[in-house]
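Here the structure is a predicted model, which is why all the values come from computation and not from measurement. Every chain is numbered from 1 and lettered A, B, ... according to where its sequence line falls, protein lines coming before strand lines.
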Amino acid sequence: MSKKLLLKNDHIEGIHTLPIYRANGGYSVLEKALKTMSPEAILEEVKTSGLRGRGGAGFPTGLKWSFLAKPEGVPRYLVCNADESEPGTLKDRYLMERHPHILIEGMIVSSFALGAKTSYIYIRGEYFYIARILEIAIKEAYEAGFLGKNIQGSGYDLDLYVQVGAGAYICGEETALLESLEGKRGNPRIKPPFPAIAGLYGCPTVVNNVETIAAVVPILEMGGAEYAKIGTEKSTGTKLISASGHINKPGVYEIELGIPVEEFIYSEEYCGGISGGKKLKAVVAGGSSVPILPAELILKTSAGEPRMMSYESLGDGGFLTGTMLGSGGFIVMDEDTSIVKNLYTFARFYHHESCGQCSPCREGTGWMEKILLKILDGRGDMKDIDLLWDIQSKIEGKTICPLGEAAAWPVAAAIRHFRSEFEEYIQYPEKIRDIKHYYRLQETATA
Amino acid sequence: MAKVTIDDITIEVPDGTSILEAARIIGGDIAPPAMCYYSKLKTSGGYCRTCIVKVEQGSAKDPRPMPKPVASCRTTVMDGMVVRNITSPENLEARAGVVEFLLLNHPLDCPICDQAGECDLQDLAYKHGEEETRYQFPRREFEPEDIGPYIKLNMNRCILCYRCVKVADQITDGRCHGVVNRGEVSQISTYIEQAIDNDFSGNMIDVCPVGALTDKTFRFKSRVWYTKPVDAHRDCPKCSGKVRLWYQGEEVLRVTGRKDQWGEIENNEDGSTAWICNDCRFDKKETKDWVIEGPTHVNRRSVISANHYEGLAAIKADTLRMLGSQPHGVKVDLGEGALDPNNE
Amino acid sequence: MTTTEIQFDSETLALVNNMMKRYPEGKHKSALIPVLHIAQAEFGGWLSVPTMDYVASVMNLKPIEVYEVASFYSMFNMHPVGKCLIEVCRTSSCWLRGAEDVIDHIEKRLNIRVGETSADGMFTLKAVECLGSCGTAPMMQVGADYHENLTIEKVDTLLEKFKDENKQSRYC
């Protein structure tokens, strides 16, 4: 069994309630931190731990915290990004649903470290029922004196609120999230300034993913140096992986970073192998935005080394032969999967989720979706493959926010690794009829 | 002060200047095209991406290049920064890509568009775009929306620059239109089809870089290249009263604000922007309403600045080539002599 | 256009006013999205112009500010929907595990296509993008509830249940 930190109490009935969380050691980190540690000491522990942002970008959390401006007389905010919307990702939902108090405890100690007096958890609107769970847990925490005025006699005050969104993937981008939290359209802001200087209501703000904030609890419990011993040198600690697709045991798994991908897919502890005993065709390892890799490249690097579940090993080979750990949304596809059709669902997704603010993304995402639909409708042209390639290259890096890249990368990777499948559909349109629900594509194409 | 080098030309500018403003000081083709940025509107810019440039060196202190092209209108110069605009083929290619995106769903209805001849998108397309589009699908169309007696909204031509929204926010006394919906179907709208009616709403027409917002009182009356710009003023209780009258023969067909070489409304002596009120724009169309200052020359770009009527044959050929390359084969006949300067 | 028939009851109004106080002074616009959720649930499952104008007046905002925000987010229905709004996820992971079978089945059962409302006004079927239920795919959301690991049989049972309950689905 690999090490569990966030989900170590997953088997305990009622762990979502404060008394049971507390009986299992919960809120002891808060007491230790508020009574015996200075904010600077907490920041040092987080830096030492090597924790990297768990939302997808993998930016070092301690470094992000250290950028926070601290002008006199200006409030600072910590905002938790619970807008989990990256296709293939459901880990934050799992954690919040079953372990709301670890997030709340993490929010309190992190807010203390950053000097925030008011903090928000921004959760995607579709997770309304989880917002309720969090609200109940927050109420418990207030009643137990872990939130509100003079927390546990430390003199530190904190108010914590849950804010719901209303259906927009783009609000997972931190500045779009802040706009949405201010009651506006979720249009990403033009940077600079970065939130650390001017974030929520123009005040210095740190935005962190749910899992990142929760991980602060075990880091302070065991100390940053101990945490850094878990995992690999560049990928410390544990990571929640959302496993989905054609596997025997889909779900959320906490892994120690650095275990082999092969073990993750095939061992009984995790995915339990490909469903129906079929062969593995491809994996999207870190949520829909990251490059898809064919079986041979996800199991082994181009140098023939076993591929590991870590930031550096999944990134080995760059985008030519590697991918990214991203948000840990691990989507597995069996030998019968149409990569082009899967790409089409991604392209449709990004088209639907583009905010429309800047031109390359607003116009380009829809264009790519239309071309993919045309190919899947049997009207493709060989030139369309190069056109798709060119469009994605003209979106990538030209947009206000990373949604441009998120939309471009899957297209580039699918063409890079599965070009022959595109060609086959174009040359032999009858092949497309093998895709289940072919008629639905036809209908959409004529609509 | 910060020293910045743009396309191998080094200048010194005050701290806080944007790359685009620095490039405008150098002038000429080195100034990147701007479709959404408008120096007189706060928080404008950053959306259209046409002004992107390559930053080869971030600053003297941190000489690393910037990883992606940046919007020059919203990026501040740093001391020792090295920027490439027209001297980077890569940057020009990226810009051509942006132009293609902006034109992707554009109706290319220049022959019936009142903005033609003074349209920033037309100029941008000629200068920075490719000859043909690669888009093979029906173009997006929006339901027409009536926004009152003065301003014609044609959403199909809009590039979502947000300038009109910022005008409504910053210089009128109550915004009732904005951007509604999301993504590809985002649109400028009042949502409830109401008239946009306040003293300064007409400035939305002047800031619109395309033919999405045009003057209803000038609609289909002429082509801008047949009209002659004359600067004039009046003593107006509401605004500066400094306008440009557009004459055809003896008749004032249109009144607009006075635009500078970057297509922006000029400043008053006191440094404020010479926005004009709706009375001056829509109700004062007689020569006797005005103190005439004299004919003016419209600077830079566009068919008008092509010395009024010279060189139109080349533009006509360009227009036809551009329209003729439409995938749907829209056939456009501008008519014999339509562009003939003697055809007034 | 009157807004007289659209009005929060005193308890809801108190909740809304309280909500606006969560934010620093002058930043009460932050409550707009939560308040729109309440308004949508209270006034027929969608946001009509009178409903949005009412929200604008309660929150002291310009109506256009409300229209802009409401029309941006996919959970706000800008047109009337059936009493029970069924949202089936169709993005990658759900597609891989048979979301289209589920959609097909519901279409046949209710005799409507995606995007349509049944003749009796009871059901609207929507195909939506990733709802974060990839590990329990296929799934559908009805109101605040996630129905996961769907099978055709499960879908049938659910549809029966919704019909019997005859309740308006609501997120909050």
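- With a 4.5 angstrom heavy-atom cutoff, Gln141(C) touches chain A only via side-chain atoms.
- Sorted by first and then second residue, the pairs that involve residues 130-161 of chain C and meet ring pair (Phe, Tyr, Trp, His ring centres under 6.0 Å), not counting sequence neighbours, are Tyr129(A)-Tyr146(C), His147(C)-Phe162(C).
- With a 4.5 Å cut-off on non-hydrogen atoms, Glu126(A) touches chain C through its backbone and its side chain both.
- Using a 4.5 Å cut-off between heavy atoms, Asp145(C) does not touch chain A at all.
- Only the side chain of Ile170(A) comes within contact range of chain C, judged by heavy atoms closer than 4.5 Å.
- Contacts between Thr89(A) and chain C at a heavy-atom distance below 4.5 Å involve the backbone alone (N, CA, C, O).
- Put simply, the side chain of Thr345(A) does not reach to within 4.5 Å of the side chain of Arg90(C), judged on heavy atoms.
- Side-chain atoms of Phe349(A) and Ser92(C), non-hydrogen and from C-beta on, never get closer than 4.5 Å to each other.
- The most heavy-atom pairs under 4.5 Å with chain C, out of Tyr169(A), Tyr120(A), Phe330(A), come from Tyr120(A).
- Contacts of Lys91(A) with chain C are absent, with no heavy-atom separation under 4.5 Å from either backbone or side chain.
- Only the side chain of His352(A) comes within less than 4.5 Å of a heavy atom of chain C; its backbone N, CA, C and O stay farther away.
- Only the side chain of Tyr77(A) has a heavy atom closer than 4.5 Å to any heavy atom of chain C.
- The candidate from Cys94(C), Cys89(C), Ser93(C), Gly132(C) with the greatest count of non-hydrogen atom pairs under 4.5 Å with chain A is Gly132(C).
- Of the listed residues (Glu107(C), Glu87(C), Met59(C), Glu65(C)), the one with the most heavy-atom contacts under 4.5 Å to chain A is Glu107(C).
- With respect to chain C, the highest number of heavy-atom pairs below 4.5 Å among Tyr94(A), Tyr344(A), Phe346(A), Tyr161(A) belongs to Tyr161(A).
- Looking at Arg93(A) and Thr136(C), their side chains come closer than 4.5 Å, going by heavy atoms from C-beta outward.
- The minimum heavy-atom distance linking Asn187(A) with Phe72(C) is given by the pair OD1-CE1, 3.6 Å.
- For Arg185(A) (side chain) and Val69(C) (main-chain N/O), no donor-acceptor pair under 3.5 Å exists by modelled atom type.
- The closest side-chain heavy-atom distance from Arg132(A) to Cys172(C) is below 4.5 Å.
- Looking at Val114(C), only its side chain comes within 4.5 Å of chain A, counting heavy atoms on both sides.
- Contacts from residues 21-36 of chain C to chain A, taken as heavy-atom pairs separated by less than 4.5 Å, involve Arg22(C), Tyr23(C), Pro24(C), Lys27(C), Lys29(C), Ser30(C), Leu32(C), Ile33(C), Pro34(C) in sequence order.
- When Ser85(A), Pro87(A), Ala168(A) are compared by the number of non-hydrogen pairs under 4.5 Å with chain C, Pro87(A) comes out ahead.
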